[in-house]
Protein chains: 2
Amino acid sequence: MYAQASAKIELPSYLPQNPAPFFEGPATPVSFFPAGAEIYAQGEKAGALYQVEFGAVRIYRLLADGRRQISAFHLAGETFGFESDATHHFFAEAINATGVRVFRAPSGTDMSRQLLPLALKGLTRAQEHLLVLGRQNAIERVAAFLVEMSERQGGLQQVELPMSRNDIGDYLGLTIETVSRVLTRLKEKGVIRLLSLRSIEILKRDTLLAMGE
Amino acid sequence: MYAQASAKIELPSYLPQNPAPFFEGPATPVSFFPAGAEIYAQGEKAGALYQVEFGAVRIYRLLADGRRQISAFHLAGETFGFESDATHHFFAEAINATGVRVFRAPSGTDMSRQLLPLALKGLTRAQEHLLVLGRQNAIERVAAFLVEMSERQGGLQQVELPMSRNDIGDYLGLTIETVSRVLTRLKEKGVIRLLSLRSIEILKRDTLLAMGE
DNA sequence: CGTCACGTTGAGTAGATTCAATTGAGGTGG
DNA sequence: CCACCTCAATTGAATCTACTCAACGTGACG
């Protein structure tokens, strides 16, 4: 739907037409985070930008009673950590062993040109996710998730899920049991195949796409 | 929670520290949209920016079968319409009689410095809304909504709701009936009072805040 | 080979939805 | 200015989807 016509993506006039490469300065070191390690916490002072080198990161928020909503997963190559003020509003954790390049803009540097496209991309993705959480049922949510992960990994048949069922549930606003049941149903319908716990194969892409609308 | 300490909001170093006024050029005309009028549609070519002069706007997406998710409301003073590429991914409609200032940046203009703070603000708001849709029950959602609307109107006791129950439902991922039932319950509990259909008074702000977490 | 965390499956429940009927508010025309 | 009309909102009853709680499997790892 609404397919991008050409290879070259057209941009609105208010965006820089020749986006600058993101990191130009001296090479910044890569920090390593083991599985489950906190990268930053809600309430902490923000300021740095983070680029995933390898592994995967979850961004989430907690309610007082422990309910958790994961607002985004970030895979290799993606940048996260920017905030609208000097405080982090979310938690960021490494899902698996993860390498992250931490970049701190020198005081006074204006990164707007580099950051705006990323912020807009994140905004679009968040808004699309709102539709999933607000108006789709369990099967549709899981289908949309599998399609999203597939597309972010190049649209291959085989999709790697770096995160646990628990993470998937907290991303989709479902319980771990419901996620499991839906995957079983999709498997029984012949839509997907479970290669291993964290690796699935998409057998009927069209069906999956139709489910996720 | 995580209160902003001083009047002057501290910003991360990667943001412009002295944000430029948004519109500097020659005064742009104000377009008028009657209630329900479309401002732009999904799939249309994007490019302009819109600032609400008076009235209110809803931003939404549709599923094939007509289910609708409103991702944001925009009130007087707010800016919307920016996209990550040249296509609108959402619909924008006037909720009531609404005046909108349409601004088209001349080709080649880089509005990053002005837009980034708005995009980041929108991103934060969308991500917070994800928590509401993903992990909160009906009462919590409505409470969070009322608190949000109150704060966006200056934190007064009396809150104007420019939108219908239908719009509220499609924003909160609930049916119109559920929204109505919850409002009745809040009324019975003495938390709010209905001055008219679209105007409520908050009697127990603390209770409401605690419900919305 | 045993342990432990993670995942799956099952039964019963709760909360929100659906469908239907009623009430109420706002706007229009006489 | 009032009566009427229409659409929006509220209320009620029955249903259904996803959740909760519990038991059971399974894969990874020492």
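Keep in mind that what you see is a predicted model, and the values were worked out from it rather than measured.
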So which nucleotide from [options] ends up closest to the side chain of [X]?
X	options	result
A:Asn137	D:dA18, C:dT17, D:dT10	D:dA18
B:Ser180	D:dA22, D:dA9, C:dA16	D:dA9
B:Arg181	D:dA9, C:dT17, C:dT8	C:dT17
A:Ile176	D:dA18, C:dG7, D:dA9	C:dG7
B:Ser164	C:dG7, C:dT18, D:dA9	D:dA9
B:Arg198	D:dA8, D:dC19, C:dT8	D:dA8

Does [X] reach a base, just sugar-phosphate, or nothing at all? Heavy atoms under 4.0 Å.
X	value
A:Leu174	sugar-phosphate
B:Gly173	sugar-phosphate
B:Thr184	sugar-phosphate

Pairing of A:Arg61 and B:Glu213 as salt bridge, 4.0 angstrom limit: no

Residues A:Lys45, B:Glu10: salt bridge by 4.0 Å N-O rule: yes

Side-chain heavy-atom pair A:Leu116, A:Leu15 within 4.5 angstrom cut-off: yes

DNA chain C: 5'-proximal contact among A:Arg135 and A:Asn166 (nearest heavy atom): A:Asn166

5'-most by nearest nucleotide on DNA chain C - B:Arg185 or A:Leu194: A:Leu194

Distance-only donor-acceptor check, side chains B:Gln158 and B:Ser199, under 3.5 Å: yes

Residue-phosphate contact under 4.0 Å: B:Thr178 side-chain N/O, C:dA16 OP1/OP2: no

